[in-house]
Amino acid sequence: MSKDYKDTLNLPQTGFPMKANLANKEKELLEFWETGAIYKKMQDRDRTKSFILHDGPPYANGHIHLGHTLNKVLKDMIVKYKTMKGHYAPYIPGWDCHGLPIEHQVDKKLGSKKAHTAVTDKRKLCREYAERFVEIQRDEFKRLGVFGDWDDPYITMKYAYEASIVREFHAFVRKGLVYRGKKPVHWCPTCVTALAEAEVEHADKVSPSIYVKFRIKNPEGRITVDEEKGTSFVIWTTTPWTLPANMALAVHPEFRYNRVKSPAGELIIARDLTKDCMEKAGYSEDEYSVSDETWTGADLEGITCSHPWIDREVKTIAGEHVTLEQGTGIVHTAPGHGEEDFVVGLRYGLDVYTPVNDRGLFTEDVEEFAGQYVFKANNEIIKKIKGLGVLLGDAQDVSHSYPHCWRCKKPVIFRATEQWFVSMEKNDLRKKALEEIKKTEWIPGWGRERIYGMVEKRPDWCLSRQRSWGVPITLIRCGKCGEYVNNESVMDTIEKEVQTSGADVWFEKTAEQFLPEGYTCTHCDADEFSKETDILDVWFDSGVSHAAVVEADERLSAPADLYLEGSDQHRGWFQSSLLASVGTRGRAPYRAVLTHGFVVDGKGKKMSKSLGNVISPQDLTNRHGAEILRLWSSSADYREDMRISNEIIARLVDAYRKIRNTCRFLLGNIHDLDTLSSDMSTLKIDDLQEIDRLALSQLQNLIKKVTLSYETYAFYEVYHAVYKFCIIDMSSFYFDILKDRLYTFRADSKERRASQQVLYNILISLTKMVAPILSFTAEEIWRYIPGEKEKSIFLSDFPEANEALVDSELEKTWETLSIIRNEVNRALELKRKEKFIGNALEAKVTIYIGGEKRELLKKYEKKLPELFIVSSAGLRDRAEAPEGAYQGMEIEDIVVHVEKADGSKCQRCWNWDVSVGDQEDDPELCNRCYRVLAD
RNA sequence: GGGCCUAUAGCUCAGUUGGUUAGAGCGCACGCCUGAUAAGCGUGAGGUCGAUAGUUCAAAUCUAUCUAGGCCCA
């Protein structure tokens with residue numbers, strides 16, 4: 001029975017648990033951060049070195065999803081890194097509270113009571129609804145370990161914020177950028193109301209499909225026409241009732257068009273649709289002929305046609321929206337009744353003509369059909385054009401997807417209504433915005449192209465919404481002449497009222513109450529006024545956060561250093577913020593804009609309830625802890641779409657454990673270290689062995705690499721670099737080799753102490769480096785690290801690389817040694833398979849090698865057993881290599897011979913040695929261990 | 001349909017200006033250890049670089065088209 005020497009070893013000791021139990025531990029740490037006011041203390045930094053990341057406000061509706069998680073964690077990692085790097089980096093979270101989705105929810109709850117509910121009461125309900133979700137989301141964000149001023153966030157429905165919105169809107173009015181114009185919107189003639197996109201449902205509807213001829217009146221020299229019988233363009237439509245509002249014919253500039261001679265006369269139709277059109281018009285192939293002559297749409301632009309029955313000249317225009325899917329490649333354009341028609345109409349200065357009233361009846365303008373309901377008038381109109389001989393073939397019923405009202409389920413119409421716009425051209429808003437886009441840093445770089453293209457092409461900004469839950473368009477109009485009051489003191493009054501009482505005041509008071517005593521219209525002298533009832537587009541709300549928050553909040557300063565949101569915000573917040581800021585400040589509100597992709601499932605598909613592939617952050621947090629979500633956020637390249645799946649989570653859990661155990665090993669092996677003398681400054685380089693210096697050198701490289709990656713927001717590079725360091729450089733190499741020294745040497749031996757100092761420094765640096773990502777675990781480790789230190793890891797400084805410790809020569813040498821070690825491992829593995837050995841310590845290794853590598857190994861001959869973790873290792877000439885020994889793979893000219901180690905196994909250090917048995921009082925020990933115990 | 005973007009082993013990532021048999025870690029398989037132990041170590045098997053065509057002496061890398069997917073529009 002051999003003696004148990006385990007107690008004589010210096011085995012790792014630590015209370016730091018191997019099993020993280022994150023779901024519970026995280027709550028304890030959150031409590032610690034909260035009561036310790038750690039975020040507040042982090043703000044105690046030099047404000048001249050500030051880094052302002054301005055939060056984009058999520059919408060205060062629903063629980064957070066993985067997209068929110070990714071966004072907030074990315075921001076948090078930046079804020080924590082910047083702070084640890086010595087910056088003043090406050091994070092003021094925000095919420096977007098106004099808008100249709102919340103109003104919808106409230107409407108739903110109100111049900112039939114909606115009609116009798118006053119606007120102000122409804123707004124109150126909306127406010128309560130938003131408040132509730134701000135609370136819910138706040139808790140969910142905090143649960144992720146995201147630091148920020150959660151007690152004092154910015155909220156777009158706070159009175160002060162609402163006043164800022166009004167102020168910024170007035171600034172636009174003052175600069176003359178706001179104008180009133182017409183724009184087609186979805187309109188329900190049954191409910192007599194405008195509908196937002198979200199209030200429109202698509203359903204099948206049967207409509208008449210007709211082809212209509214528009215005779216060319218003047219070809220403007222573009223083409224020749226049949227003077228006698230006439231030449232006509234053919235259009236296709238399923239909404240005959242919009243024909244009275246036809247203002248133009250749109251062709252695609254790049255499509256080919258041709259002349260068709262048919263029984264219905266000479267026609268112009270897109271080449272690729274001729275056959276289809278003729279077929280539908282009821283002509284067989286021998287009844288018509290297509291001439292060889294073709295034109296592009298661009299060739300045909302500017303030709304004057306006559307409206308089929310109204311005395312109106314209709315021109316051909318070019319538009320990219322024209323398609324070859326169906327129809328004739330020539331699009332009947334009624335700017336008052338279609339979004340695309342409207343946009344293209346703006347370019348050509350077409351009248352936004354809408355001879356349809358709010359009940360869907362034709363106005364007096366349309367002589368023959370005045371008073372008729374548009375859908376009913378369809379047949380009358382078809383009859384009319386048939387009588388005129390401009391109907392090609394007959395009307396046919398087609399079933400197609402058509403927008404319907406979500407409430408009454410009846411088909412809706414597009415109808416132009418009066419709206420408020422911000423002009424993109426006045427004051428060169430578009431031009432200036434484009435210039436600012438060029439000056440801003442976009443990460444990734446393609447973000448610039450994307451938003452540039454969008455701003456270049458976008459129409460004027462429609463600011464008004466016919467809704468209740470929002471900030472009102474605070475304009476007053478004369479009841480007599482309709483002119484708007486543009487008066488400084490009136491605007492001031494309104495702004496002040498909103499500041500103290502909120503935007504509700506607009507709905508509570510009369511127009512006169514905002515005007516000075518005895519105020520009369522500057523245009524017509526009338527004294528009756530009415531308030532504008534529309535509210536502002538919610539994008540305007542969040543778009544002015546640069547003014548309402550970044551400029552107004554003493555904690556921040558403008559312009560912000562960074563905006564960070566999903567790539568959908570190129571169209572949303574990045575753009576509304578840009579226009580709001582350029583319009584009034586003449587500059588972008590941000591210096592840099594970083595975008596991330598979307599969260600998709602394991603196959604790269606988007607998550608949706610119908611696909612059933614939705615993964616919730618709440619569920620993952622409960623099962624694995626928020627830390628795994630943080631690690632996930634860092635692990636992949638977020639500039640692309642981020643995949644998440646059970647396998648990905650499983651890999652992350654593994655990776656987490658590995659990093660955690662690496663730190664646990666470090667903690668366990670420095671438990672008896674006097675940390676006061678273990679600072680890097682007091683580190684005695686001379687006491688270190690080469691492998692210790694190698695580890696330190698690798699650590700410096702890691703610090704440099706990780707710092708660079710954080711600076712470029714490439715967190716996945718941090719993740720990979722740290723992970724590789726833990727596994728390759730530390731766990732399987734340095735630590736594995738070091739165990740003998742740590743465990744079996746005298747506890748206070750110079751050699752062991754030196755390695756402990758190295759481990760201590762690695763631990764501190766490593767923990768700090770992962771803190772922005774693995775915040776919970778880093779804080780937990782921090783508490784177990786012995787010695788004097790800051791109360792929280794987030795109050796400490798990020799590690800700096802010490803160039804004096806970098807030794808590239810040494811690294812190169814050890815890289816070669818490492819390759820040789822791989823060869824030895826292969827040789828050992830073969831012997832293990834043969835059951836010749838089990839543990840490598842049972843082996844004695846002889847290396848047969850020549851050349852430079854032999855010279856190198858010669859220098860390290862004494863260290864080879866330690867490096868290979870075998871009991872003994874020798875070096876011989878290549879020529880002496882025995883038959884059948886292992887031949888190198890990576891290194892060709894190396895042979896590794898494995899034999900049983902000489903002597904017997906020391907029961908303490910487990911090395912095989914000939915000295916075992918020499919000592920009579922402890923015959924199971926080798927001389928080295930005997931001496932250690934003797935001291 | 002348009003604009004922007006993506007596509008390398010089961011997973012997450014490397015692959016410098018086109019230049020040898022495309023790399024890493026994890027996972028997997030097999031094994032060792034039982035003194036980091038719901039740990040640790042080793043070895044090994046995995047890829048026609050989304051597809052096709054082209055440029056080139058040479059392409060994962062350049063070009064075009066297509067396919068699949070994402071965001072934003074329509």
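Below, chain A is the first sequence line, B the second, and so on; all start at residue 1.
Stacking of A:Tyr743 onto the six-membered ring of B:G35 is not present when judged by under 5.5 angstrom between centres and under 30° between planes.
Note on A:Lys831: nothing from the nucleic acid sits closer than 4.0 angstrom, heavy atoms only. Using a 4.0 Å heavy-atom cutoff across all strands shown, A:Ala636 reaches sugar-phosphate atoms only and no base atom. Within 4.0 Å (heavy atoms only), A:Asp637 reaches sugar-phosphate atoms of the nucleic acid but no base atom. Counting non-hydrogen atoms under 4.0 angstrom, A:Arg448 reaches nothing in the nucleic acid.
Between A:Arg639 and A:Asp637, at least one side-chain N (NZ, or NE/NH1/NH2) sits under 4.0 Å from a carboxylate O, which counts as a salt bridge.
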Dot-bracket encoding per residue of RNA chain B, Watson-Crick/G-U cut-off under 3.5 Å, | denoting interstrand:
(((((((..((((.....[...)))).(((((.......))))).....(((((..]....)))))))))))).

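Spacing between atom CD1 of A:Ile869 and atom P of B:U34 amounts to 14 Å, rounded to whole angstrom units. We find that CE of A:Met18 is positioned 13 Å from P of B:G35, with the value rounded to whole Å. A:Gln575 places its CD atom 13 Å from the C1' atom of B:G3, with the value rounded to the nearest Å. Note: CG (A:Asn839) to P (B:G35) measures 11 Å, nearest angstrom.
The residue among A:Glu340 and A:His720 whose nearest nucleotide of RNA chain B lies closer to the 5′ end is A:His720. Sequence order on RNA chain B of the closest nucleotides to A:Ala840 and A:Asn825 puts A:Ala840 first from the 5' end.
Within residues 639-650 of chain A, the residues approaching RNA chain B are A:Glu640, A:Asp641, A:Arg643, A:Glu647, A:Ile648, by heavy-atom distance under 4.0 Å.
Considering only side-chain N and O atoms, A:Arg657 lies under 4.0 angstrom from the phosphate OP1 or OP2 of B:A39. Between A:Lys606 and B:C71, a side-chain N or O to OP1/OP2 separation shorter than 4.0 Å is present. Contact between the side-chain N/O atoms of A:Ser567 and the OP1/OP2 oxygens of B:C4 is not found at any separation under 4.0 Å. A close approach under 4.0 Å does not occur between any side-chain nitrogen or oxygen of A:Tyr723 and OP1 or OP2 of B:A24. In this model, the phosphate group of B:G44 is approached by a side-chain N or O of A:Arg826 to a distance below 4.0 Å at OP1 or OP2. Between A:Lys6 and the phosphate of B:G35, there is a side-chain N or O to OP1/OP2 separation shorter than 4.0 Å.
With B:G69, B:C13, B:G35 as the choices, the nucleotide that has an atom nearest any side-chain atom of A:Lys605 turns out to be B:G69. Nearest nucleotide to the side chain of A:Arg450, out of B:C26, B:C32, B:G3: B:G3. Listed candidates were B:A36, B:C26, B:U43. Nearest to the side chain of A:Ile727 is B:C26. Which of B:U12, B:C33, B:A36 sits closest to the side chain of A:Glu842 comes down to B:C33. Comparing B:G10, B:C72, B:C4 by their nearest atom to the side chain of A:Arg571 picks out B:C72. Of all nucleotides listed (B:C71, B:U37, B:G70), B:G70 comes nearest to the side chain of A:Val600.
Residue A:Thr14 places no side-chain atom within donor-acceptor reach of the base of B:A36, judged by atom type and a 3.5 Å distance cut-off alone.
Note: A:Phe733 and A:Trp814 have perpendicular aromatic rings, judged against thresholds of 30 and 60 degrees for the angle between ring planes.
Here the separation of B:G25 from B:G42, taken at their C1' atoms, is 16 Å to the nearest Å. One C1' atom belongs to B:G27, the other to B:U43, and the distance between them is 16 Å to the nearest Å.
Ring to ring, A:His186 and A:Phe414 are close: their centroids are under 6.0 angstrom apart.
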